[in-house]
Chemist: 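Quick one: structure below, then a few questions.
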Amino acid sequence: MNNKEINTKFIKSEAQRLGFLSCGISKSGFLEAEAPRLERWLHQNQHGQMAYMENHFDKRLNPNLLVDDAKSVVSLLLNYYPTETQVENTYKISKYAYGQDYHFVIKEKLNELLHSIRENIGEVSGRAFVDSAPVLDKAWAAKSGLGWIGKNSNLLTKTIGSFYFIAELVIDLELDYDHTTTDHCGSCTACLDACPTEAIVAPYVVDGSKCISYFTIELKDNIPAEMKGKFDDWAFGCDICQDVCPWNRFSKAHQEPLFDPHPELLLMTKKDWEEITADTFQKVFKNSAVKRTKFEGLKRNIDFLK
């Protein structure tokens with residue numbers, strides 16, 4: 001085996017040791033196919049009030065502008081599919097927000113992976129990214145062969161569905177690169193048919209400004225009145241287009257204790273949600289991604305759902 005092969009094998013085995021579902025590697029560079037798509041999406045204002053999506057257009061498409069002399073993008077998936085879900089007939093939150101905020105959990109694993117690379121391979125420069133910098137996670141994961149981007153614009157895999165986080169290391173080390181996989185959505189339109197706000201405006205195109213996740217997390221103004229009755233009791237985020245995806249029949253429960261929910265969360269009834277106090281919010285969502293919407297935001301969402 002040459003050095004490239006040895007280093008690639010080492011990185012993939014370390015990723016597995018750290019609990020990542022899978023690891024794919026692609027050559028860093030300009031994402032040519034994504035450029036017109038991103039431009040069109042922004043031009044049609046499908047990002048709503050998410051103004052940050054307009055920033056760093058060039059960096060979003062080229063990690064070489066984020067890491068000097070970048071050679072490889074190491075894409076990683078981390079499972080968050082829960083063992084148990086919330087009680088029936090209650091206000092719902094996205095499964096990814098059940099446990100501790102994924103940014104911190106994954107960042108720690110990525111830093112450990114980078115540290116391990118430096119210890120075993122030598123002087124390697126790079127940066128870890130978890131949904132917090134202008135990197136097109138799904139595009140890189142697809143390019144690295146970890147799955148294909150489905151009609152609901154999520155990354156899908158035949159063996160494990162789509163309930164996982166995507167993160168990456170961009171490093172200045174040349175490695176063996178993986179190949180893209182094929183699309184297996186076929187003629188299925190389950191996600192398009194199920195979306196109550198019709199946010200999936202066409203196969204593979206999601207209008208972010210119509211998505212329940214956008215309204216309940218990103219939108220700072222009042223939720224538009226015409227959306228009343230369309231949220232199917234989702235108070236933070238939305239999993240509908242993933243729940244109906246046939247590939248998610250293959251989802252398996254995660255093995256990460258930090259993603260386990262606060263015991264009270266799974267038992268909360270509609271009444272509990274409607275009467276939630278700031279203290280309970282702090283306790284149940286202490287380190288959760290739900291903190292993004294703040295107590296007032298969550299109250300606004302629940303009042304809208306009543």
Side-chain angles (χ1 to χ4, degrees), residues 1-35 37-38 52-53 55-80 101-149 154-155 157 160 162 164-181 254 256 258:
M1 277 200 292
N2 61 31
N3 273 357
K4 267 202 300 188
E5 280 177 85
I6 293 165
N7 293 341
T8 302
K9 205 171 172 188
F10 171 76
I11 289 170
K12 290 191 174 183
S13 67
E14 274 299 280
Q16 196 175 9
R17 181 185 69 80
L18 289 165
F20 287 104
L21 264 180
S22 43
C23 169
I25 304 170
S26 46
K27 187 177 170 62
S28 185
F30 181 67
L31 286 169
E32 214 167 308
E34 294 301 318
R37 270 184 233 147
L38 179 60
Y52 60 86
M53 289 300 298
N55 304 335
H56 312 297
F57 183 82
D58 293 342
K59 286 181 181 172
R60 273 181 205 285
L61 296 162
N62 192 352
N64 292 40
L65 300 175
L66 294 165
V67 173
D68 288 339
D69 205 26
K71 298 278 194 306
S72 303
V73 178
V74 180
S75 291
L76 301 134
L77 305 182
L78 187 65
N79 186 12
Y80 66 80
D101 192 326
Y102 63 97
H103 292 93
F104 307 116
V105 179
I106 299 175
K107 204 65 179 261
E108 203 162 298
K109 288 181 187 291
L110 288 178
N111 287 335
E112 198 178 328
L113 179 56
L114 193 52
H115 175 72
S116 192
I117 289 169
R118 285 169 177 157
E119 272 206 324
N120 289 272
I121 296 173
E123 194 51 53
V124 175
S125 251
R127 281 177 70 185
F129 297 103
V130 189
D131 188 24
S132 50
V135 177
L136 294 175
D137 305 299
K138 291 182 282 194
W140 283 109
K143 197 173 159 68
S144 304
L146 294 182
W148 73 96
I149 295 177
N154 284 314
L155 186 82
T157 41
I160 40 174
S162 64
Y164 40 69
F165 300 114
I166 307 172
E168 49 281 312
L169 281 182
V170 179
I171 53 178
D172 65 350
L173 178 70
E174 222 169 282
L175 296 162
D176 279 342
Y177 302 125
D178 295 296
H179 305 292
T180 57
T181 182
H254 67 75
E256 176 50 75
L258 294 173

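Worth knowing before you read on, the calculation uses all heavy atoms, side chains too, and leaves out hydrogens, waters and symmetry mates.
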Chemist: Within the 4.5 Å heavy-atom criterion, are Asp131 and Tyr102 side-chain neighbours or not?
Modeler: yes
Chemist: Hey, what do you get for CG (Asn79) to OG (Ser162), rounding to the nearest 0.5 Å?
Modeler: 10.5 Å
Chemist: Give, for atom CZ of Phe129 and atom NZ of Lys107, the distance between the pair rounded to the nearest 0.5 Å.
Modeler: 8.0 Å
Chemist: Using side-chain heavy atoms (C-beta onward) and a distance below 4.5 Å, is Leu155 in contact with Leu77?
Modeler: yes
Chemist: Taking all non-hydrogen atoms of both residues into account, name the closest pair between Tyr80 and Tyr164 and its distance.
Modeler: CE2-N, 3.2 Å
Chemist: Of all the heavy-atom pairs spanning His103 and Val130, show the shortest one and how long it is.
Modeler: CD2-O, 3.3 Å
Chemist: With a 4.5 Å limit on heavy-atom distance, are the side chains of Val73 and Lys143 in contact?
Modeler: no
Chemist: So which heavy atom on Leu78 is nearest to which on Gly19, and how close?
Modeler: CD1-O, 3.2 Å
Chemist: Does a side-chain heavy-atom distance below 4.5 Å link Phe104 with Leu258?
Modeler: no
Chemist: Can you list the residues that meet the side-chain hydrogen bond (donor to acceptor under 3.5 Å, both in side chains) rule with Glu256, with sequence neighbours excluded?
Modeler: Lys109
Chemist: Not counting sequence neighbours, which residues clear salt bridge (Lys or Arg N to Asp or Glu O under 4.0 Å) with Arg17? List them please.
Modeler: Glu14, Glu112
Chemist: Among residues at least two apart in sequence or on other chains, which ones pass side chain to side chain contact (heavy atoms under 4.5 Å, CB included) with Ile121?
Modeler: Asn7, Phe10, Ile11, Ile117, Val124, Leu173
Chemist: Show your reasoning for whether side-chain contact (heavy atoms from CB on, under 4.5 Å) applies to Thr157 and Thr181.
Modeler: CA-CA 9 Å; Thr157 41; Thr181 182; over 6 Å; no
Chemist: With sequence neighbours excluded, tell me which residues meet salt bridge (Lys or Arg N to Asp or Glu O under 4.0 Å) with Glu108.
Modeler: none
Chemist: Taking side-chain hydrogen bond (donor to acceptor under 3.5 Å, both in side chains) as the test, write out the residues that go with Asn64, two or more places apart.
Modeler: Ser28
Chemist: Compare all side-chain heavy atoms of Ile166 with those of Trp140 and state whether any distance is below 4.5 angstrom.
Modeler: no
Chemist: Lys12: what forms a salt bridge (Lys or Arg N to Asp or Glu O under 4.0 Å) with it, not counting sequence neighbours?
Modeler: Asp178
Chemist: How would you list, by chain and number, every residue that makes a side chain to side chain contact (heavy atoms under 4.5 Å, CB included) with Glu5, sequence neighbours excluded?
Modeler: Met1, Asn2, Asp176
Chemist: My understanding is that only residues two or more places apart in sequence, or in another chain, count here; which of them pass side chain to side chain contact (heavy atoms under 4.5 Å, CB included) with Asp68?
Modeler: none
Chemist: Roughly how far apart are Leu146 CG and Leu21 CG, rounded to 0.5 Å?
Modeler: 9.5 Å
Chemist: Who are the side-chain hydrogen bond (donor to acceptor under 3.5 Å, both in side chains) partners of Asn154, not counting sequence neighbours?
Modeler: none
Chemist: Looking at Ala15 and Cys23, what are the two nearest heavy atoms and their distance?
Modeler: CB-CB, 3.9 Å
Chemist: Rounded to the nearest 0.5 Å, what's the gap from CG on Leu110 to CD on Glu168? Could you check?
Modeler: 8.0 Å
Chemist: What do the steps show when you test Leu76 against Leu113 for side-chain contact (heavy atoms from CB on, under 4.5 Å), and what is the final call?
Modeler: CA-CA 11 Å; Leu76 301 134; Leu113 179 56; 4.0 Å; yes
Chemist: Not counting sequence neighbours, which residues clear side chain to side chain contact (heavy atoms under 4.5 Å, CB included) with Lys71? List them please.
Modeler: Asp69, Glu174, Tyr177
Chemist: Out of curiosity, Ser125 OG to Leu114 CG, how far, rounded to the nearest 0.5 Å?
Modeler: 8.5 Å
Chemist: Just wondering, do Leu66 and Val170 contact through their side chains at under 4.5 Å, heavy atoms?
Modeler: no
Chemist: What are the two closest non-hydrogen atoms of Gly24 and Ser144, and how far apart are they?
Modeler: C-CB, 3.4 Å
Chemist: With sequence neighbours left out, write down each residue that passes side-chain hydrogen bond (donor to acceptor under 3.5 Å, both in side chains) with Thr8, or none if nothing qualifies.
Modeler: none
Chemist: Taking ring-ring contact (aromatic ring centres under 6.0 Å, His included) as the test, write out the residues that go with Phe20, two or more places apart.
Modeler: none
